[in-house]
Amino acid sequence: MAKPYTDDIVVRQVAVGETEELMTFLLAYYYPEEPLTAGTQPPEPEAADKEFLLSNVPYGTCFVALHEGRIVAAVVAGPKDSHEPEHMAEEARKYAGGKWGSILHLLSAVETATDVCRRFSVPSCLHVHALGVDPQLRGRNLGGRLMEAVAQRGRDLGHQLVSVDCTSVYSARLVQRLGYQLINTLRYVDHLDASGQQVIRPPPPHESVQTFVLHL
């Protein structure tokens with residue numbers, strides 16, 4: 001299950017009993033720089049947001065990179081099917097009025113526009129929800145290694161597609177280097193609420209959510 005590399009980095013699947021360690025890492029190295037989180041108030045993620053990410057662990061589709069036994073990068077991914085646009089719209093309504101609701105409002109719009117399972121006529125796919133890397137170890141392709149682990153897990157599970165909504169310019173550059181195909185772009189300034197106000201205002205240089213897919 002674990003995949004060692006010559007530079008003493010080990011990539012392995014997250015076990016069900018490791019959710020606390022995973023979330024501790026994500027709170028330190030994912031959420032503070034994530035544009036949807038940074039672009040809404042308050043700065044801290046809501047409990048429902050964190051619970052959603054951790055709900056993907058039992059699928060065996062989440063991975064960490066370890067250096068000397070310490071988590072230095074993590075990816076959270078999980079399956080979705082052709083009913084995801086309707087499910088996302090329902091979740092956005094359920095959490096309307098809060099930070100998580102604002103984030104879901106945008107993600108629901110993205111899901112409706114992309115609808116990857118119906119678009120590519122596949123029964124399901126793996127979707128990457130979160131990717132974080134300790135800045136002290138950036139430049140060592142940890143994000144790429146984790147995305148490769150997700151793709152291989154997708155193949156093992158019989159999925160034909162991996163999808164990702166890149167809310168950051170940096171994650172978009174990463175997946176483009178890995179051969180992902182851009183299928184949709186939603187600019188933050190164009191996503192408005194019922195009163196015509198911009199829902200999410202990320203800091204520069206992030207300007208849009210770009211959805212990419214990788215055919216397995």
Side-chain angles (χ1 to χ4, degrees), residues 11-16 18-40 43-66 71-80 84 87-88 91-92 95 99-108 110-111 114 116 125-135 137-138 141-154 159 162-175 178 180 186 188 200 202-203 206 208-214:
V11 172
R12 66 166 175 79
Q13 200 175 74
V14 178
V16 172
E18 297 175 316
T19 55
E20 184 175 345
E21 293 90 340
L22 174 62
M23 183 50 62
T24 297
F25 176 83
L26 294 173
L27 287 169
Y29 299 111
Y30 164 70
Y31 280 113
E33 297 183 358
E34 201 286 309
L36 302 188
T37 305
T40 49
E44 300 80 14
E46 291 185 353
D49 183 341
K50 295 184 286 186
E51 289 167 4
F52 167 72
L53 285 188
L54 295 181
S55 71
N56 291 279
V57 172
Y59 295 115
T61 50
C62 303
F63 294 85
V64 289
L66 302 174
I71 298 177
V72 291
V75 64
V76 175
K80 67 178 183 180
E84 191 65 11
H87 174 251
M88 286 291 296
E91 289 294 290
Y95 290 101
K99 180 184 179 76
W100 183 226
S102 295
I103 292 172
L104 288 174
H105 188 277
L106 182 141
L107 292 177
S108 175
V110 170
E111 188 63 40
T114 56
V116 296
C125 77
L126 270 191
H127 186 77
V128 177
H129 298 288
L131 176 66
V133 178
D134 183 333
L137 279 89
R138 287 178 183 166
N141 194 34
L142 300 186
R145 295 177 184 183
L146 290 174
M147 293 296 288
E148 289 169 3
V150 168
Q152 186 56 54
R153 179 61 172 159
H159 294 290
V162 176
S163 63
V164 55
D165 299 322
C166 292
T167 58
S168 156
V169 296
Y170 308 120
S171 58
R173 290 172 189 167
L174 168 65
V175 300
L178 295 173
Y180 280 67
L186 175 62
Y188 292 118
I200 296 178
H206 312 296
S208 64
V209 182
Q210 294 182 288
T211 301
F212 294 84
V213 297
L214 178 70

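Predicted model only: the values in this text are computed from it and were never measured.
Ala92 is linked by a side chain to side chain contact (heavy atoms under 4.5 Å, CB included) to Leu104, Ser108, counting only residues two or more places apart in sequence or in another chain. Residues passing the side chain to side chain contact (heavy atoms under 4.5 Å, CB included) test with Glu44, sequence neighbours excluded: Pro42. Remark: Ala48 engages Tyr95, Trp100 in a side chain to side chain contact (heavy atoms under 4.5 Å, CB included) (not counting sequence neighbours). With sequence neighbours excluded, the residues forming a side chain to side chain contact (heavy atoms under 4.5 Å, CB included) with Tyr170 are Ser168, Arg173, Pro205, His206, listed by chain and number.
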Output a table of donor-acceptor pairs, distance under 3.5 Å, between side-chain atoms of residues 125-134 and any protein atom two or more places apart or on a different chain; print 'none' if there are none.
unit_1 : atom_1 : unit_2 : atom_2 : d
His127 : ND1    : Lys80  : NZ     : 3.4
His127 : ND1    : Ser163 : O      : 3.4
His127 : ND1    : Ser163 : OG     : 2.7
His127 : NE2    : Asp165 : OD2    : 3.3
Asp134 : OD1    : Gln136 : N      : 2.9
Asp134 : OD2    : Arg70  : NH1    : 2.9
Asp134 : OD2    : Arg70  : NH2    : 3.4

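Between Glu18 and Val14, some side-chain heavy-atom pair lies under the 4.5 Å cut-off.
Nearest heavy atom pair, residue Tyr59 against residue Ser55, reads CE1-O, 3.7 Å. Summarising the geometry of Pro58 relative to Val16, their closest heavy-atom pair is CA-CG2, 4.2 Å, with the distance given to 0.1 Å. Closest approach of Leu146 to Ala74, counting heavy atoms only: CD1-N, 3.4 Å. Pro32 and Ala38 get closest at one heavy-atom pair: O-CB, 4.2 Å. Nearest heavy atoms, Val150 versus Thr61: CG2-O, 4.2 Å.
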Candidate pair Leu27 and Lys50, rule side-chain contact (heavy atoms from CB on, under 4.5 Å), full reasoning:
CA-CA 9 Å; Leu27 287 169; Lys50 295 184 286 186; 4.0 Å; yes
Would you please test Arg153 and Phe63 for side-chain contact (heavy atoms from CB on, under 4.5 Å) and show each step?
CA-CA 10 Å; Arg153 179 61 172 159; Phe63 294 85; 3.8 Å; yes
Val164 and Tyr180: side-chain contact (heavy atoms from CB on, under 4.5 Å), yes or no, with the steps?
CA-CA 9 Å; Val164 55; Tyr180 280 67; 4.1 Å; yes
For Val209 and Tyr188: C-alpha separation, side-chain torsions, deciding distance, then whether side-chain contact (heavy atoms from CB on, under 4.5 Å) applies.
CA-CA 7 Å; Val209 182; Tyr188 292 118; 3.5 Å; yes
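A distance of 6.0 Å separates CG in Leu142 from CG in Leu137, rounded to the nearest 0.5 Å. Once rounded to the nearest 0.5 Å, the distance linking NE2 of His105 with CD1 of Ile200 reads 9.5 Å. Put simply, CD on Glu91 and CG on Leu107 are 11.5 Å apart, with the number rounded to the nearest 0.5 Å.
Counting only residues at least two apart or in different chains, side chain to side chain donor-acceptor pair (under 3.5 Å) contacts with residues 23-40 comprise Tyr31-Asp49, Glu33-Arg138, Glu34-Thr37, Glu34-Thr167, Thr40-Lys99.
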